[in-house]
Amino acid sequence: KKSGPISNTIIIFSLISLKLNLSDSYHDRECELANLVNDLIHKNFTFADFTVLNMGGFRTDWAPGVILEQHLYNMFPFDNVFMSFNISGA
């Protein structure tokens, strides 16, 4: 859950427009926006070997320029949680 006011902290600066690239078959190709969000999450959860996101949860595109913390909250306006678990290699 969000605690306190959403800040104007700069998360990253993008030189390009980051769009979802949704189509009838969006599930079988990569998207720069999803790759960036996955990288940001993975960077903050360093114990994880990988991350997985539901493309249906993305709500906005990002224009070139500064990406603020508030943009993340606009992208994911839900009370979602992060989950972690161990998977046996056996």
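Here the structure is a predicted model, which means the values were calculated and not measured.
A distance of 6.5 Å separates CG of L72 from CG of L40, quoted to the nearest 0.5 Å. Considering CG of D39 and CD1 of I12, their distance stands at 8.5 Å, rounded to 0.5 Å. In this structure, K19 NZ and L33 CG are separated by 10.5 Å, a value rounded to the nearest 0.5 Å. The distance from the CD1 atom of I41 to the CZ atom of F50 is 13.5 Å, given to the nearest 0.5 Å.
In this structure, a donor-acceptor pair under 3.5 Å is present between the side chains of T51 and N38.
Scanning both residues, F47 and S84, for their nearest heavy atoms gives CE1-CB, 3.6 Å. Closest approach of P64 and S17 over heavy atoms only: CG-N, 3.5 Å. Closest of all the heavy-atom pairs between I11 and E69 is CG1-N, 3.5 Å.
Without hydrogens or angle criteria, H42 side chain to A48 main chain gives a donor-acceptor distance under 3.5 Å.
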Full working for side chain to side chain contact (heavy atoms under 4.5 Å, CB included) between E32 and I16: CA-CA 10 Å; E32 291 168 338; I16 62 171; 3.3 Å; yes
Side chain to side chain contact (heavy atoms under 4.5 Å, CB included) between T9 and L68, worked out: CA-CA 5 Å; T9 302; L68 303 173; over 6 Å; no
Stepwise side chain to side chain contact (heavy atoms under 4.5 Å, CB included) check, V37 with W62: CA-CA 11 Å; V37 172; W62 287 341; 4.0 Å; yes
Test log, rule side chain to side chain contact (heavy atoms under 4.5 Å, CB included), inputs N8 and Q70: CA-CA 6 Å; N8 286 324; Q70 67 186 19; 2.8 Å; yes
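Of the options T60, D61, I67, a side chain to side chain contact (heavy atoms under 4.5 Å, CB included) to M75 is made by T60 and by none of the others.
Residue-environment remark: CD1 (I10) stays at or below the threshold of 12 foreign heavy atoms within 6.0 Å.
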